[in-house]
Every structure is written in structure tokens, then in C-alpha cells.
Amino acid sequence: MSDETSATLSNFITDIIDEHLENGRFDHVHTRFPPEPNGYLHIGHAKSICLNFGTAQQYGGLTNLRFDDTNPTKEEVEYVESIKADVKWLGFDWDDRLYFASDYFGVLYEYAIQLIKQGNAFVCDLSAEELRQYRGTLTEPGKNSPYRDRSVEENLDLFKRMKAGEFADGSRTLRAKIDMSSPNLNMRDPVMYRILHEEHHRTGDEWCIYPMYDYAHCVSDSQEHITHSICTLEFEDHRPLYDWYLDQLGIFHSQQIEFARLNLTYTVMSKRKLLQLVKEGTVSGWDDPRMPTLSGMRRRGYTPEAIRTFAETIGVSKANSVVDVELLEHVLRDDLNNRARRVMAVVEPLKVIIDNYPENGEEFFDVAYFPYDRENSPTRPVPFSKEIYIERSDFMEEPVKKFYRLAPGQEVRLMNAYYITCTGVVKDADGEVVELHCTYDPESKGGMSPDGRKVRGTMHWVSARHALDAELRLYDYLLTKADPYDIPEGGDFTDNINPDSLQVLTGAKLEPSLKDAKVLEPFQFMRQGFFCADYDSKEGALVFNRTISLVDTWAKMQK
Ligand code: ATP
Ligand code: MG
């Protein structure tokens, strides 16, 4: 792990850990990241990964990767593999500590038997609907199940027969015997096991009873001797149950600690909704560059360093809040600024013919990839010739005030090349500008002023003869509203989908050095944004994604 993220952080979680180390409850730190393999990881999970691995690292401790695969109907092997790849990509390693909750099905079963024998659990024949009715509400206590006082022998017999497959799905459950009048609904004799005749992606048809999350999670933590079980706020009300199971069983007692989940403006973050976007074809897949998934962000051009820095910047808190997505983008720009080579690419080209340049002339300028550090920067040869492309938006036939770029009679600097002056405008039948004529000053080689005269505009350009054609994919937010929960009455989140979140530009012209760009390698297309080659990019059919524009709205807001 790199040094910059192992800096010592202090927050309410480290305060709790410090206390435990001081009072002797634990003498080390061992955390886990427990994804359910029912979707791809998103930026919210990244926060949890950074928190779990980062906190353990800070104390010289360890972190396990554990798949919470207790729900056989929704889980797939594809997800397991993508999650492993994403955690590694983020820069974290579980070494040989890869676990599955399903590894503990046997143990969980034995512990359930123990709880039955202790009089802490019973087999209940109420249907799902009856369970709901008996449960009570926040203001009314629940009612005891008529099956609550079954004998230990009967419970043992029925539970074994549940496991043996004698009963239909939903006909019986195993429940903890706690307190139907508890003000905490989670403590009202919660279900521990349900009957489900379903294949499991790892255990096949070995089991037809499956443990519920609350029971499986605390026992899994205990099995792995997790000291601090960090989870999101919605589990706060489940902590008494977490503690109850471990206390009744008398086994290693992990400490659950809750923190506020990450929410981002303009971003949907629930796996269910992300799956819906994939299934309905709103996006091209889990790794569509507009998705807040780690695989989508990776394809977009995010670096793991930027995501880790973001996680560190936002910190952890006990109160739910929404983080401005522009902060994430600010951190990304900051990171790319230090690693992206500066190159020239014309996004929407307009041809310029330099009339006084030799007909078949060609020259190469040696240009630094990192102009802010010319001394140490590698360089590449950039060709110049009689016909070049400039950005269409860099020309105005009738320039508005303070437009210092190209206009009839106006002189500008072509970055690293020459001064040129616009002498003619060619239009098509519709009056659309199709070509410009210019003259250049041979004395201004390298873009240097020949005589001290100044030009106010400096523009990027690409030699027409040497240019590479490319498709550019420009992205905007998937949602039109900053608040992802601001949903019209009777509608759902898809009503806020931005129809213009993807813009494909097919005619871009790139400088020839980009022929060797590696997929996902970051570049700054000068004045245009940060870009990287997409997985779809091939020689002769280059495709680049715009990772992010250059305008830092976050930095502006802070001023
Ligand atoms: P989702 O609501 O997106 O389906 P989940 O909580 O069901 O997410 P899990 O696979 O169970 O997804 O999550 C694995 C871990 O990541 C959990 O510890 C969970 O608390 C954490 N996590 C999930 N979403 C976020 C988030 N937005 N911010 C921080 N942590 C999160
Ligand atoms: Mg979950």
C-alpha cells in the first residue's frame, strides 16, 4: 500500500479502537469487507473497503474479504469474480483470507442446535403473513407465536427434518426466542432460518434451509475473530441482536460499529437500481463509464489513487449526508494532473490551410509531455504541415468582444508551432464555414514571438496529413437531478434519467503519438479534458472516453 494512504487518520472509529486497545478488550485489529455477491461494487463500497482495509493497516492489523452469500437466489459467480478484481484494483489485498459465509453453513447449523438445546430458539409454523401480523408495530408489542413453547425435543426433531428437506418452502422457520414486546422490532423473536429449496452457487443442493443475515453475519465475524465489524448505519438497530446471538452462544465477541453510508449527488447507488439500469439497457453494462461502479469508473479513467484519496477526504461520520459529486471530480482532476501526458487533439475540427507554407513541407517539433516540468519531461515529435485542424469553436467570423482566438485578420499562436493570421473564410452553399485560409510567420518558430509582438490567443491544433481519426465519448451525469431521491409523485428514479448523458463525436483528429496510447492510460487533451482509450479502441478505429473536463467546478465553489 502506498504511503500517502497509510497516514494516520483519527475518527470516531479509531477512538473506539483505541479504547479497546487500552482497556484490553482486544490487543490487535482485524476487520473484514463483507460484500453480498449480487452486483458489482460501487463507489459507496469503495468507501467501505478503504475504511476497513485502511483502518486495519493503520494498526498493523489484517482485513478479510468475506462474501456474504447466504441468499442463494440472487447470487452469481460473475459477481464474486468482479468484486475480487475491484478490491485488488483499488490497491488492497486479503492475502489468503478469502472467506464465504456459506463456509459456515455447517457451523451455523450446529450453533442453531445449541441455541435450541439452551431454550433460545424454536421451530415456528406461522406463515410469512402470520409472522407479520404477530410481529406488532413500532407502537404495539408483538404476540407470542403459538409454537413458542414447543419442547426442546420437538424443536430438535423439527429443525433436523427442516434440514432433511421434509417440509415445503415457507412452511416453517427457526426463530430466536427473545422478547415479542421489545421496543426493538429486530428482537421480537427474529427468524434465524428459512426453508428454501434453491441451488446455491457454492454449496449446490446440499442445503434447503438458509440462515438469515443477522444470524449468519455475527457468527461469521466471530468465526474469523474479527475484532471490529464495521457496517453502515441501518444496522444500528440490529446491533442488540448481533450481541444477543454471540452472548447466548458464548463465542468470540466482535464489536459492531456503524458509520454513515456514502451518498453522492447526481448518482444512484443501490445495486438494485444499478442492476435495473443494466437490465433495461439504459447503460451498456455494469462497466459503462457513466456507472458509479468501480468497473465503470475504471473504464472512464478513474485511478485507484483518486478513489482512495476521495475516501480519505470525505472521512467517516455517524450522520447521513450527501457528498457533492464535484468533490470526487476535483480529487480526480488533481490526481490526473500529475500523471496525464499533455497531447493535442481536436474534438470538432475545422481545416486551416496555411497559404505561404511550402506545398509538401513537413517539420517536427519536439514537445514535452509535461510542459509544467519541461526539464524532466519526456518528449515526442509533433508534425506540422500546410494543412492543419483547429477547434471549430476557436474561430468566429464576427468575433464577440474579448474573443482572442482566430477571426478574420486576427493573429494567434499555434501552441509550440507558429503565429498564424486568418486571411480567408470558405463557406459551403448553406453559409457554413468549411475551411480557413491563413498565413504564418516563419520567424515565430516554436510559437515564439519574432519581434516582441504579442498575441493573446494560444490554440491547439493537429496536422491534417498526420492526424489520427478517433471517436470520442463524452459523458454527463446519469441523473438530471442532484438529489437522487427527488422523484416525481408516483414515479421512480428512472424518471430522472438524463437522456443526454452520452455524446458520441465521430470526427475527432488526434496527434499521431496517440497511436501508441494504451487502454485506460490517462492523457490530457489540452484545453479539452482528460481522456483515455476505451476497451473498444483498436488500431484504425480509435475510441477515447472523456474521463472529466478541465473545468474544476468544486475549486471554483470553494473560492
Ligand atoms: P446496496 O444498498 O448498494 O445494495 P449493500 O449494503 O446491500 O449495498 P453489500 O454488498 O451488502 O451491499 O455491502 C458490502 C459492504 O459495503 C457493507 O458493509 C455495506 O455496509 C458497505 N456499503 C454498501 N453501500 C455503501 C455506501 N453507499 N457507503 C458506504 N458503505 C457501503
Ligand atoms: Mg447488504
Side-chain angles (χ1 to χ4, degrees), residues 34 36-38 66-76 100-136 142-148 150 152 154-180 182 184-221 223 234-235 237-238 241-242 244-246 248-249 272:
E36 187 180 342
N38 62 349
R66 182 201 315 139
F67 286 98
D68 222 320
D69 59 347
T70 50
N71 186 354
T73 51
K74 287 193 298 185
E75 291 151 4
E76 285 176 34
F100 291 83
S102 56
D103 294 340
Y104 310 125
F105 282 172
V107 174
L108 286 158
Y109 179 76
E110 292 305 324
Y111 282 147
I113 300 270
Q114 181 187 331
L115 290 175
I116 293 172
K117 286 183 176 164
Q118 291 174 191
N120 295 133
F122 66 100
V123 172
C124 182
D125 301 357
L126 294 178
S127 67
E129 181 49 38
E130 288 165 327
L131 278 174
R132 248 192 306 280
Q133 286 163 8
Y134 275 72
R135 198 162 180 236
K143 278 190 304 189
N144 281 352
S145 161
Y147 306 98
R148 199 174 195 264
R150 276 180 163 150
V152 168
E154 192 184 2
N155 282 322
L156 283 175
D157 173 63
L158 286 172
F159 185 53
K160 286 176 183 167
R161 287 164 62 196
M162 276 169 66
K163 175 178 185 276
E166 284 189 32
F167 309 122
D169 287 3
S171 62
R172 289 196 158 94
T173 55
L174 182 72
R175 295 174 68 186
K177 196 190 281 189
I178 310 180
D179 178 6
M180 287 309 290
S182 170
N184 183 339
L185 270 71
N186 295 305
M187 300 298 273
R188 294 186 187 170
D189 294 3
V191 172
M192 293 173 61
Y193 269 93
R194 63 214 162 120
I195 302 172
L196 211 56
H197 291 264
E198 287 278 352
E199 287 262 328
H200 184 279
H201 75 115
R202 295 189 82 238
T203 57
D205 59 7
E206 193 186 336
W207 296 89
C208 63
I209 54 171
Y210 290 95
M212 300 303 285
Y213 176 88
D214 283 328
Y215 174 55
H217 200 83
C218 58
V219 171
S220 303
D221 283 344
Q223 286 295 298
E234 67 273 22
F235 290 103
D237 288 347
H238 297 240
L241 180 55
Y242 183 104
W244 186 88
Y245 282 127
L246 297 181
Q248 299 308 315
L249 289 168
R272 193 178 50 76

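Starting from 1, each residue takes its place in the sequence as its number. Owing to the predicted nature of the structure, the values given are computational and were not obtained by experimental measurement.
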Indicate yes or no for a side-chain donor-acceptor contact from [X] to the backbone of [Y] under 3.5 Å, with no hydrogens or angles considered.
X      : Y      : value
Asn184 : Asp237 : yes
Gln223 : Tyr104 : no
Tyr210 : Glu198 : yes
Arg194 : Gly170 : no
Tyr193 : Tyr109 : yes
Ser145 : Tyr147 : yes

Taking the side chain as C-beta and beyond, is there a heavy-atom pair between [X] and [Y] under 4.5 Å?
X      : Y      : answer
Leu249 : Val219 : yes
Pro190 : Asp214 : no
Thr70  : Met212 : no
His197 : Phe167 : no

List the atom of [X], the atom of [Y], and the distance in Å for their closest heavy-atom pair.
X      : Y      : answer
Arg135 : Asn186 : NH2-N, 4.2 Å
Asn155 : Val123 : OD1-N, 2.9 Å
Asp189 : Arg148 : OD2-NE, 2.6 Å
Tyr245 : Cys218 : CB-SG, 3.6 Å
Pro211 : Leu108 : CG-CD1, 3.9 Å
Ala168 : Ser171 : O-OG, 2.7 Å

Between atom [atom1] of [X] and atom [atom2] of [Y], what is the distance when rounded to the nearest 0.5 Å?
X      : Y      : atom1 : atom2 : result
Ile116 : Phe159 : CD1   : CZ    : 5.5 Å
His238 : Leu185 : NE2   : CG    : 10.0 Å
Leu246 : Tyr111 : CG    : OH    : 9.5 Å
Ile209 : Lys160 : CD1   : NZ    : 12.0 Å
Phe67  : His201 : CZ    : NE2   : 8.5 Å
Ser182 : Trp244 : OG    : CH2   : 12.0 Å

My understanding is that only residues two or more places apart in sequence, or in another chain, count here; which of them pass side chain to side chain contact (heavy atoms under 4.5 Å, CB included) with Ser102?
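Checked Ser102 against side chain to side chain contact (heavy atoms under 4.5 Å, CB included); matches are Asp69, Phe100, Phe105, His200, Arg202, Thr203.
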
Using side chain to side chain contact (heavy atoms under 4.5 Å, CB included) as the criterion, list what pairs up with Asp205, not counting sequence neighbours.
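With sequence neighbours excluded, Asp205 shows a side chain to side chain contact (heavy atoms under 4.5 Å, CB included) to Glu199, given in chain and number order.
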
Provide the full list of salt bridge (charged side-chain N to carboxylate O under 4.0 Å, His left out) pairs with a residue in residues 109-130, sequence neighbours left out, each pair given once.
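Passing the test, one end in residues 109-130: Asp125-Arg150, Asp125-Arg172, Glu129-Arg132.
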
Ring-ring centroid check Phe235 Tyr242, cutoff 6.0 Å:
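Not close enough - the centres of the two rings lie 6.0 Å or further apart.
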
Salt bridge check: are Asp103 and Arg66 linked by an N-O gap of less than 4.0 Å?
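No salt bridge links Asp103 with Arg66.
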
